[in-house]
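Structure, as structure tokens:
We use all heavy atoms of the structure for the numbers below, so side chains are in, but hydrogens, waters and symmetry mates are not. Note that the coordinates shown come from a computational prediction; the quantities given were computed from them, not determined experimentally.
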Amino acid sequence: MGRILAVDYGRKRTGLAVTDPAQIIANGLTTVDTHKLWEFLADYISREEVERIVVGMPVQTNGEPSDNQRNIIPFVNRWRKNYPDIPVVEWDERFTSVLAHRTMLDAGLHKMARRNKALVDEISATIILQSYMESLR
């Protein structure tokens, strides 16, 4: 059984989270500058077995696609072309940034740590992955 990799794609930074090989626990992996994302993913996939990826798709509260989807769809299409044997799942990521900030507050992180946008992106990816995993149960 391979890992499930979650992607919180952003124009500047992309948060990543991953399961353990048994797909029981979701953990934050890292945040990568988006212009270095493909290089990072190729390296990661060469070292770890990835069964599928889950990409957060931003949706407005009314269910309509958000403007940021135009940045994410080319990533998803390129993934499907480059890695046809690793399926991609598009996942509703509504409110993940809000939940990430709440998680940081609940964890007692100081104000400066909560301003760390890279940490917010990584936590958001973890929330996306955890939500997806819960839907499988």
Side-chain angles (χ1 to χ4, degrees):
M1 188 179 288
R3 297 176 187 270
I4 301 172
L5 178 68
V7 177
D8 182 31
Y9 189 90
R11 287 187 312 190
K12 293 181 182 180
R13 289 173 314 280
T14 297
L16 301 169
V18 69
T19 65
D20 60 296
Q23 299 180 5
I24 297 170
I25 300 169
N27 292 301
L29 180 60
T30 191
T31 301
V32 177
D33 290 336
T34 299
H35 72 277
K36 297 178 182 177
L37 180 60
W38 286 105
E39 180 182 335
F40 178 88
L41 290 173
D43 178 61
Y44 186 81
I45 290 169
S46 73
R47 293 181 285 108
E48 298 288 341
E49 182 183 351
V50 175
E51 180 178 302
R52 80 182 70 114
I53 69 163
V54 179
V55 178
M57 294 300 280
V59 180
Q60 295 178 26
T61 54
N62 65 3
E64 294 292 318
S66 81
D67 291 338
N68 196 32
Q69 275 196 21
R70 73 178 188 278
N71 298 316
I72 298 169
I73 291 171
F75 169 80
V76 170
N77 291 337
R78 184 174 174 189
W79 179 272
R80 287 183 172 131
K81 180 180 177 188
N82 291 351
Y83 301 102
D85 296 333
I86 304 174
V88 60
V89 176
E90 297 174 10
W91 197 254
D92 183 349
E93 71 164 21
R94 263 183 284 194
F95 308 116
T96 55
S97 292
V98 173
L99 291 171
H101 279 101
R102 186 173 299 147
T103 300
M104 294 169 84
L105 278 170
D106 291 347
L109 293 179
H110 297 294
K111 189 174 186 177
M112 290 305 290
R114 292 191 312 263
R115 289 184 182 167
N116 181 345
K117 293 181 181 180
L119 181 58
V120 172
D121 293 337
E122 183 179 330
I123 292 171
S124 293
T126 306
I127 292 169
I128 290 166
L129 183 54
Q130 186 65 43
S131 172
Y132 173 75
M133 290 171 59
E134 288 171 6
S135 77
L136 299 176
R137 294 187 174 108

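Glu48 contributes no side-chain N or O that, together with a main-chain N or O of Arg3, makes up a donor-acceptor pair within less than 3.5 Å. Under the 3.5 Å distance criterion, the side-chain polar atoms of Asp33 are left unmatched by any main-chain donor or acceptor of His35.
Going from atom OG1 of Thr19 over to atom CG of Asn27 covers 8.5 Å, rounded to the nearest 0.5 Å. Rounding to the nearest 0.5 angstrom, the gap separating the OG1 atom in Thr34 from the CZ atom in Phe40 is 12.5 Å. The line from CG of Leu16 to OG of Ser124 is 12.0 Å long, rounded to the nearest 0.5 Å. Atom CG of Asn82 is separated from atom CG of Asn77 by 11.0 Å, given to the nearest 0.5 angstrom. Between atom CG of residue Leu136 and atom CD of residue Gln23 there is a gap of 8.0 Å, rounded to the nearest 0.5 Å. Here CG of Leu5 is found 13.0 Å from CD of Glu49. Values are rounded to the nearest 0.5 Å.
For the pair Pro58 and Gly56, the tightest heavy-atom approach, listed with the atom from each and the gap, is CD-O, 3.7 Å. Residues Met133 and Ala26 come closest through the heavy atom pair SD-CB, 3.9 Å.
Counting non-hydrogen atoms of other residues, nucleotides and ligands closer than 6.0 Å to CD of Glu39 gives a total of 12 or fewer. The local environment of CZ in Arg11 is sparse, with at most 12 non-hydrogen atoms from other residues, nucleotides or ligands closer than 6.0 Å.
Residues Arg13 and Val32 are not in side-chain contact: their nearest non-hydrogen atoms beyond the backbone lie 4.5 Å or more apart. Annotation: side chain of Ile53 is not in contact with side chain of Val89 (no heavy-atom distance under 4.5 Å).
Aromatic ring centres of Tyr9 and Trp79: separated by at least 6.0 Å.
Hydrophobic clustering keeps Ile24 apart from Val18 (ILVMFWY residues linked when any side-chain heavy atoms are closer than 4.5 Å, directly or through intermediates). Hydrophobic clustering (ILVMFWY, side-chain heavy atoms < 4.5 Å, transitive): Ile4 and Ile25 are in distinct clusters. Note on Met1: it does not cluster hydrophobically with Val50, by side-chain heavy-atom contacts below 4.5 Å among ILVMFWY residues.
The residues Arg80 and Glu90 are annotated as salt-bridged, a charged nitrogen and a carboxylate oxygen being separated by less than 4.0 angstrom.
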Derivation of the side chain to side chain contact (heavy atoms under 4.5 Å, CB included) call for Ile72 and Met57: CA-CA 7 Å; Ile72 298 169; Met57 294 300 280; 3.4 Å; yes

How far apart are the C-alpha atoms of Phe75 and Val55, what are their side-chain angles, what is the distance that settles it, and do they pass the side chain to side chain contact (heavy atoms under 4.5 Å, CB included) test? CA-CA 9 Å; Phe75 169 80; Val55 178; 3.9 Å; yes

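Just one of Leu129, Thr14, Ile128, Ile123 meets the side-chain contact (heavy atoms from CB on, under 4.5 Å) condition when paired with Asp8; it is Ile128.
No side-chain donor from either of Arg78 and Tyr83 sits under 3.5 Å from a side-chain acceptor of the other.
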